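For clarity, every value in this text was computed on a predicted model and none was experimentally measured.
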Number of protein chains: 2
Amino acid sequence: MTQKIEKLLKDQGVRPTAMRILIYKYLLEKNVAVALTDIENAFAKSDRTTLYRSVKTFEEKGIVHQIEDGTGIKKYALCEDGCNCEIDTDLHLHFHCSTCNETVCLTEHKIPHINLPTGYTAENVNLVVKGICDKCSSQQKTIR
Amino acid sequence: MTQKIEKLLKDQGVRPTAMRILIYKYLLEKNVAVALTDIENAFAKSDRTTLYRSVKTFEEKGIVHQIEDGTGIKKYALCEDGCNCEIDTDLHLHFHCSTCNETVCLTEHKIPHINLPTGYTAENVNLVVKGICDKCSSQQKTIR
DNA sequence: TGTTCTATGCAATGGAAGTGCATTTTGGAA
DNA sequence: TTCCAAAATGCACTTCCATTGCATAGAACA
Ligand SMILES: [Mn+2]
Ligand SMILES: [Mn+2]
Ligand SMILES: [Zn+2]
Ligand SMILES: [Zn+2]
């Protein structure tokens with residue numbers, strides 16, 4: 001496991017330090033997008049700045065992508081294999097649940113092509129749907 | 001003008017105070033989405049809290065809609081006539097220019113219908129395209 | 001006029017992003 | 001193996017914006 005991650009990080013041009021490996025593992029085991037604060041809370045002995053800069057490096061090297069889910073808090077999630085964060089091919093829908101407050105990548109749901117008025121050039125597209133996630137809606141059923 | 005605004009506010013259940021009318025006028029003359037700080041700077045003698053609560057009231061009464069353009073700063077813009085901020089009919093694309101840093105409503109560009117996995121329910125959709133706006137790209141041309 | 005609800009202003013809080021700088025760690029050259 | 005330069009880390013701070021509590025002023029209404 002750790003071996004693989006080390007290799008993966010190296011391949012992306014990121015030095016596999018102890019903390020970075022831990023962060024990567026954490027992102028891997030979470031199946032939702034995480035905030036910096038989440039990572040901070042996951043490790044008792046961690047400095048926010050280090051985490052901040054590690055994640056930033058990950059982002060620059062294409063290891064994670066940043067998600068703006070509308071909460072005002074930046075979230076991060078691992079990129080898919082072979083992802084280049086390219087518009088039309090890699091960018092996908094994100095879903096933010098207003099009940100559990102979790103944000104997930106719906107990697108199967110790519111962003112539809114958007115027509116823009118003349119003169120406008122798209123560099124990036126952010127599509128976030130807010131509502132109730134599957135877990136929360138099935139809990140609702142269970143309750144009643 | 002002021003008369004119309006007063007009526008409009010009343011019709012939406014908002015008392016047309018002096019400040020609120022000013023804010024409304026300001027939003028009306030700006031053709032871009034504005035941040036609270038923008039409004040604050042537009043009026044020398046204004047209290048941020050009053051502006052904050054006024055805009056919040058506007059939002060609750062369906063007079064403005066909030067825009068999360070990914071900058072982390074909340075923006076606001078007047079709703080169209082007859083807008084109920086309803087998904088599929090009223091929600092539209094927003095464009096954020098990375099050059100001039102302005103965010104505009106592209107009210108003609110409604111949000112395409114999004115298919116979600118089973119169990120997910122959509123309550124709101126946020127679609128933001130980032131890139132270069134028409135003004136900025138035409139300036140580019142002029143320069144070279 | 002007096003009462004009550006609403007709007008406003010001021011002060012303060014809180015959360016998160018981001019930066020400067022000193023120190024430690026690391027990887028590679030010698 | 002030893003040493004050095006570059007990279008990573010940790011701590012202290014700053015900044016920016018959203019948001020709230022509470023006291024006061026203002027408007028509507030009986
Ligand atoms: Mn994602
Ligand atoms: Mn809009
Ligand atoms: Zn949920
Ligand atoms: Zn522009």
Margin query: Taking B:Ala33's backbone N and O only, do any of them form a donor-acceptor pair with B:Thr103's side chain (distance below 3.5 Å, no angle check)?
Written below: no
Checklist line | Presence of A:Arg20 side-chain N/O under 4.0 Å of D:dA8 phosphate oxygens OP1/OP2 | finding: yes
Next item on the list: Go through the structure and list residues passing side-chain hydrogen bond (donor to acceptor under 3.5 Å, both in side chains) with A:Thr89, not counting sequence neighbours.
Entry: none
Next item on the list: Salt-bridge test for A:Glu102 and A:Lys135: reply yes if a basic N is under 4.0 Å from a carboxylate O, no otherwise.
Entry: yes
Item checked: Test salt bridge (Lys or Arg N to Asp or Glu O under 4.0 Å) applied to B:Lys74 - qualifying residues, sequence neighbours left out -> none
Margin query: Within residues 31-51 of chain A, which residues have any heavy atom lying less than 4.0 Å from an atom of DNA chain C?
Written below: A:Leu36, A:Thr37, A:Arg48, A:Thr49
Notebook entry, point to check: Over how many whole Å does the gap from B:Asn101 atom CG to D:dC16 atom P extend?
Noted result: 14 Å
Notebook entry, point to check: Residues in side-chain hydrogen bond (donor to acceptor under 3.5 Å, both in side chains) with A:Ser54, at least two apart?
Noted result: none
Checklist line | Near-strand residues of residues 56-76 of chain A, defined as heavy-atom separation under 4.0 angstrom from DNA chain C | finding: A:Ile73, A:Lys74
Margin query: A:Thr121: which residues meet the side-chain hydrogen bond (donor to acceptor under 3.5 Å, both in side chains) condition with it, sequence neighbours left out?
Written below: none
Check: Are A:Val104 and A:Val125 grouped together when hydrophobic residues (ILVMFWY) are joined by side-chain heavy atoms under 4.5 angstrom apart?
Finding: yes
I'd like a table of donor-acceptor pairs (distance under 3.5 Å, sequence neighbours excluded) in which one partner is a side-chain atom from residues 57-66 of chain B, with atom names and distances.
| unit_1 | atom_1 | unit_2 | atom_2 | d |
| --- | --- | --- | --- | --- |
| B:Thr57 | OG1 | B:Arg53 | O | 2.8 |
| B:His65 | ND1 | B:Ala77 | O | 3.3 |
| B:His65 | NE2 | B:His92 | NE2 | 3.3 |
| B:His65 | NE2 | B:His94 | NE2 | 3.4 |
| B:Gln66 | NE2 | B:Tyr76 | OH | 3.4 |

Per-pair distances, 0.1 Å, donor-acceptor, side chain in residues 38-45 of chain B, under 3.5 Å, sequence neighbours excluded:
| unit_1 | atom_1 | unit_2 | atom_2 | d |
| --- | --- | --- | --- | --- |
| B:Asp38 | OD2 | B:Ala35 | N | 2.8 |
| B:Glu40 | OE1 | B:Arg48 | NH1 | 2.6 |
| B:Asn41 | ND2 | B:Thr37 | O | 3.2 |

Note to self: Please report the interatomic distance NZ(B:Lys75) to CD1(B:Ile67), rounded to the nearest 0.5 Å.
What the structure shows: 8.5 Å
I'd like a table of donor-acceptor pairs (distance under 3.5 Å, sequence neighbours excluded) in which one partner is a side-chain atom from residues 5-19 of chain A, with atom names and distances.
| unit_1 | atom_1 | unit_2 | atom_2 | d |
| --- | --- | --- | --- | --- |
| A:Lys7 | NZ | A:Asp11 | OD2 | 2.7 |
| A:Thr17 | OG1 | A:Arg20 | N | 3.3 |

Next item on the list: Nearest whole angstrom, please: distance from the P of C:dT24 to the CZ of A:Arg53.
Entry: 16 Å
Checklist line | B/S/- contact track for nucleotides 24-30 of chain D, protein heavy atom under 4.0 Å | finding: -------
Are any protein N/O atoms closer than 3.5 Å to N/O atoms in nucleotides 2-5 of chain D? If there are, list each pair with its distance.
none

Note to self: As an exercise, state the distance from CD1 of B:Ile132 to SG of B:Cys97, rounded to the nearest 0.5 Å.
What the structure shows: 5.0 Å
Please tabulate, for the side chains in residues 108-117 of chain A, all donor-acceptor contacts under 3.5 angstrom to protein atoms that are two or more places apart in sequence or on a different chain.
| unit_1 | atom_1 | unit_2 | atom_2 | d |
| --- | --- | --- | --- | --- |
| A:His109 | NE2 | B:Asn115 | O | 3.2 |
| A:Lys110 | NZ | A:Thr107 | O | 2.9 |

Margin query: Looking at C:dA17, I'd like to know if its phosphate oxygens (OP1 or OP2) sit under 4.0 Å from a side-chain N or O belonging to A:Tyr52.
Written below: no
